[in-house]
Amino acid sequence: MIGNKSGKVLDTKVLSTNCKSCQTWKGKEGSIAYAEWKEGHLAKCGINHNGNAGSMEAAGMVDIFSRSLEKHKVRYVNYVGDGDTRSYKAVSNSKPYGPYMPITKLECVGHVQKRMGYQLKKKKQELKGVALGDGKKISGKNRLTDVVINTLSVYYGNAIREHRSSVDEMRRGIWAIWYHKSSSDDNPLHHFCPSGPNSWCPYNRALHEGTVANYRNKNNIPSAIMDAIKPVFKNLVKTELLARCVGGHTQNNESLNSKIWKLCPKTGFAGHKIVQIA
């Protein structure tokens with residue numbers, strides 16, 4: 001559990017379904033020596049999670065939420081997480097602060113940004129081999145390449161971050177991407193793009209400077225492709241999704257993970273106690 005504003009680690013929980021000592025004694029059940037070992041081992045066994053590996057994070061988060069008042073005298077009422085909702089659902093259902101204090105799920109903008117890339121790749125796969133409105137396929141040179149998909153994903157994430165205080169402004173910024181990339185010299189579609197001399201849109205900058213007559217559109221994506229991927233944009237501007245992005249929160253624990261794995265490399269097995277020490 002990391003504080004969103006401070007970046008400080010507030011609490012940790014290490015769970016394990018393995019114990020080296022238990023593995024060593026496996027197959028020796030029924031012997032006197034095993035009974036003596038088990039009696040002394042139970043209190044220090046490294047296994048503290050009996051579910052499957054997929055349920056570990058949820059179980060750990062429930063424990064961390066349940067002891068926040070005792071440990072820090074605070075309630076964690078906003079939960080910034082990735083797209084996997086299992087942990088949030090487990091915490092929400094546990095009602096750590098009683099039935100009248102719900103925990104709000106906020107989205108990590110970084111993970112929401114990845115949805116654009118995932119859904120565009122999925123759409124590209126769905127339309128593989130299909131002739132689009134211009135008679136050409138979705139793949140190929142100057143079409144929906146991986147570079148274009150990555151670019152649109154980054155623009156989508158930036159639109160959310162730049163307008164983090166307003167769902168309406170987020171939506172406008174996201175649609176500005178679609179219309180800007182759909183534009184051509186014959187059909188400029190820059191009405192959603194920001195205006196003025198500092199606009200990221202070169203067309204609107206040229207409009208402000210009075211040089212729009214000499215402007216030539218660059219790096220536009222064929223309108224047939226933009227029409228094909230428009231449903232993806234419609235799906236990713238829904239109010240219920242963008243409302244959870246207000247604030248522009250990011251879940252990033254990679255810095256902490258790298259510190260831990262330097263002390264306790266993932267290349268070899270380590271039990272509960274060793275990971276806890278690390």
Side-chain angles (χ1 to χ4, degrees), residues 1-4 6-108 110-111 114 249-278:
M1 173 66 72
I2 301 175
N4 182 58
S6 68
K8 302 290 186 179
V9 178
L10 303 177
D11 200 356
T12 62
K13 178 75 175 183
V14 178
L15 295 174
S16 176
T17 58
N18 292 288
C19 173
K20 268 196 169 181
S21 187
C22 289
Q23 291 177 353
T24 301
W25 282 88
K26 190 175 182 180
K28 301 176 182 178
E29 295 90 339
S31 66
I32 295 175
Y34 177 84
E36 292 176 349
W37 164 81
K38 187 172 184 179
E39 184 178 354
H41 174 72
L42 284 176
K44 53 185 179 182
C45 181
I47 298 175
N48 62 348
H49 181 72
N50 294 318
N52 58 46
S55 64
M56 274 187 176
E57 185 179 325
M61 292 307 294
V62 169
D63 284 348
I64 285 175
F65 271 78
S66 67
R67 64 192 185 198
S68 71
L69 284 169
E70 177 186 352
K71 193 164 187 175
H72 296 304
K73 295 183 174 59
V74 298
R75 297 177 176 88
Y76 307 139
V77 295
N78 291 317
Y79 183 107
V80 182
D82 57 22
D84 187 350
T85 60
R86 285 177 295 181
S87 296
Y88 168 70
K89 286 181 179 178
V91 169
S92 182
N93 292 338
S94 71
K95 294 180 171 53
Y97 312 125
Y100 303 110
M101 184 165 286
I103 297 165
T104 302
K105 171 73 158 60
L106 303 177
E107 294 289 349
C108 166
H111 286 88
K114 290 178 181 178
H249 303 291
T250 299
Q251 174 198 318
N252 188 355
N253 57 359
E254 295 308 317
S255 177
L256 171 64
N257 287 344
S258 66
K259 295 285 187 183
I260 296 172
W261 303 138
K262 282 180 181 177
L263 298 171
C264 181
K266 292 192 283 185
T267 52
F269 174 81
H272 169 268
K273 290 185 179 179
I274 297 299
V275 176
Q276 184 68 60
I277 291 168

Provide the closest heavy-atom pair for [X] versus [Y] in the form atom of the first, atom of the second, distance.
X     : Y     : value
Tyr79 : Ser87 : OH-CB, 3.2 Å
Phe65 : Tyr76 : CE2-O, 3.2 Å
Asp63 : Lys13 : OD2-CE, 3.2 Å
Leu15 : Ala59 : CD1-CB, 4.1 Å
Arg67 : Thr12 : NH2-O, 2.7 Å
Lys44 : Gly40 : CE-O, 3.5 Å

Heavy atoms, side chains only, cut-off 4.5 Å: are [X] and [Y] in contact?
X      : Y      : result
Pro96  : Leu69  : no
Thr267 : Trp261 : no
Lys105 : Ser92  : no
Val9   : Leu256 : yes
Val91  : Val62  : yes
Trp37  : Ser21  : yes
Cys45  : Leu42  : no
Met1   : His72  : no

Separation between [atom1] of [X] and [atom2] of [Y], rounded to the nearest 0.5 Å:
X      : Y      : atom1 : atom2 : value
Thr104 : Met101 : OG1   : CE    : 10.5 Å
Ser66  : Met61  : OG    : CE    : 10.5 Å
Ile103 : Asn78  : CD1   : CG    : 9.5 Å
Ile47  : Asn18  : CD1   : CG    : 6.5 Å

Holding to side chain to side chain donor-acceptor pair (under 3.5 Å), I want the full list of residues that pass it with Ser68, two or more places apart in sequence or in another chain.
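Checked Ser68 against side chain to side chain donor-acceptor pair (under 3.5 Å); matches are Tyr97.
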Taking [atom1] in [X] as the centre, count heavy atoms belonging to other residues, nucleotides or ligands within less than 6.0 Å. Is the count above 12?
X     : atom1 : result
Glu29 : CD    : yes
Lys28 : NZ    : yes
Lys71 : NZ    : yes
Asn50 : CG    : no

All N/O donor-acceptor pairs, side-chain side in residues 270-278, below 3.5 Å, sequence neighbours left out:
unit_1: His272; atom_1: NE2; unit_2: Val14; atom_2: O; d: 3.3
unit_1: His272; atom_1: NE2; unit_2: Asn48; atom_2: ND2; d: 3.3

Spell out, as yes or no, whether a donor-acceptor pair under 3.5 Å connects the side chain of Tyr88 to the backbone of Leu106.
no
